[in-house]
Protein chains: 2
Amino acid sequence: MELHEAKDKFIQAWGAFGGQWGINRSMAQVHASLLVSPEPLSTEDVMEQLNISRGNANMNLRALIDWHLVDKVLKAGERREFFQAEKDVWKIATHITRERKKRELEPMVRLLGELKQAAGTNAEAKAFRQTAADLHDLTSRVDAMLERSTRSDVQWFLKAASTILR
Amino acid sequence: MELHEAKDKFIQAWGAFGGQWGINRSMAQVHASLLVSPEPLSTEDVMEQLNISRGNANMNLRALIDWHLVDKVLKAGERREFFQAEKDVWKIATHITRERKKRELEPMVRLLGELKQAAGTNAEAKAFRQTAADLHDLTSRVDAMLERSTRSDVQWFLKAASTILR
DNA sequence: TGCAACTTCCAAATAATATTGAAAGTATTG
DNA sequence: CAATACTTTCAATATTATTTGGAAGTTGCA
């Protein structure tokens, strides 16, 4: 496969992949463009590579910076800003995981913790508390695992896990 | 908190949570309704609990059955079908994980495997292959971990992982 | 077989989300 | 400080996803 075609496919696929997760298509495509670019890109570069508007490019670049997936870089003698993606895939995974954990998982764990104490003494209430408690236990465990696995040494964790579990 | 209020909150939250993942809001809400119902529900029950149309209820019930999160059940002497959610949270987690792995992760792993062989000898091509290879490695590991963790004994895995990694 | 009682499908309507582009804002330079 | 080069914002617009409701299909029973 030609390099150009490969990059294109990657950008499309990464965009679709992102879309299925909380990340929107453009944001994932901008990320993909930066990931496969050997040089940092300017806003204009991104606009023209992906055929998107200035506002869109800017918005998604900012969001990627929020997610710690992209950094602003300065080029000597250049006034405008350039952007480059974090290329260490373990760091990418860590940042995405932590962000989603914080935004989605943690609030759910908190809510389930409250719900498992809902009032009522009849069978229905007991069944509900059991379901809530089970879900709370499950989500807490997942949360704890993700916390641990993204705290310091992701690479070690995943390598260890894939060995231990062979 | 009152039981009724608790159930409502759960249905809303589970719906929003699902929305952030590949599952749409109604599907997640239907699932939540069934999860917290002590009795199996009919299509009509679901429609009125959530204020959604027949078509919508039906479509999402079917989708939940596809995902193995819900079963049809027959009630003696009743013609219409009733639906009940799988209540074992480990099974729920397993089924959701496997489904999303199959739909999203596996195709990405496959694509990255191809892309890491893209043509070209210059620095740009080499950098691209490196990025693709790194991502392929990462996604393969995650895929392998999920495969293992959902194959037979999820509970053991998560317990083990959360202990080992303490 | 024909008639309910129910389920499924699907085109059209609606709602939610993403994108645009021009205007406003901000920093840098001469 | 004014001109310039750029970034950010946001209301309008376009796109995409979801939901509806009625028509078509199925099933079981008298």
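Note that this is a predicted model, so its numbers are computed, not measured.
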Using the rule side chain to side chain donor-acceptor pair (under 3.5 Å), only one of A:Arg80, A:Arg54, A:Gln49 pairs with A:Glu44; which is it? A:Arg54

Pairing donors with acceptors under 3.5 angstrom, does anything connect the side chains of B:Asp134 and B:Thr131? no

N/O contacts under 3.5 Å, protein versus nucleotides 25-27 of chain C?
{"from": "C:dA27", "atom 1": "N3", "to": "A:Arg79", "atom 2": "NH2", "distance (Å)": "3.3"}

Start with the C-alpha gap between A:Lys87 and B:Gln130, add the side-chain angles, then the distance that decides, and say whether side-chain contact (heavy atoms from CB on, under 4.5 Å) holds. CA-CA 10 Å; A:Lys87 302 250 170 142; B:Gln130 185 63 52; over 6 Å; no

What closest approach, in Å, do A:Asn60 and A:Ser26 show between heavy atoms, and which atom pair accounts for it? ND2-CB, 3.3 Å

So, B:Ser42 and B:Asp45: side-chain donor and acceptor under 3.5 Å apart, yes or no? yes

For residues 113-122 of chain A, which side-chain N or O atoms pair as donor and acceptor with protein atoms under 3.5 Å away, sequence neighbours left out?
{"from": "A:Lys116", "atom 1": "NZ", "to": "A:His136", "atom 2": "ND1", "distance (Å)": "3.0"}
{"from": "A:Gln117", "atom 1": "NE2", "to": "A:Gly113", "atom 2": "O", "distance (Å)": "3.4"}
{"from": "A:Asn122", "atom 1": "OD1", "to": "A:Ala125", "atom 2": "N", "distance (Å)": "2.9"}

Taking A:Leu34's backbone N and O only, do any of them form a donor-acceptor pair with A:Ser37's side chain (distance below 3.5 Å, no angle check)? no

Can you pull out the residues from residues 58-69 of chain A that lie within a 4.0 Å heavy-atom distance of DNA chain C? A:Met59

Let's see if you get this right: which residues in residues 23-31 of chain A place a heavy atom under 4.0 Å from DNA chain C? A:Asn24, A:Ser26

Scan nucleotides 12-15 of chain C against the protein and return all N/O pairs shorter than 3.5 Å with their distances rounded to 0.1 Å.
none

Within residues 37-57 of chain A, the residues having a heavy atom closer than 4.0 Å to DNA chain C are A:Asn51, A:Ile52, A:Ser53, A:Gly55, A:Asn56

How close do B:Ala6 and A:Phe128 get, heavy atom to heavy atom, and via which atoms? CB-CE2, 3.6 Å

Taking atom C1' of D:dA5 as reference, at what distance in whole Å does atom NZ of A:Lys75 sit? 17 Å

B:Glu2 with B:Lys7: basic N within carboxylate O range, under 4.0 Å: no

Would you call A:Met108 and B:Trp14 a side-chain contact if the rule is heavy atoms closer than 4.5 Å? yes

When the distance from CZ of A:Arg80 to P of C:dT29 is rounded to whole Å, what number comes out? 14 Å

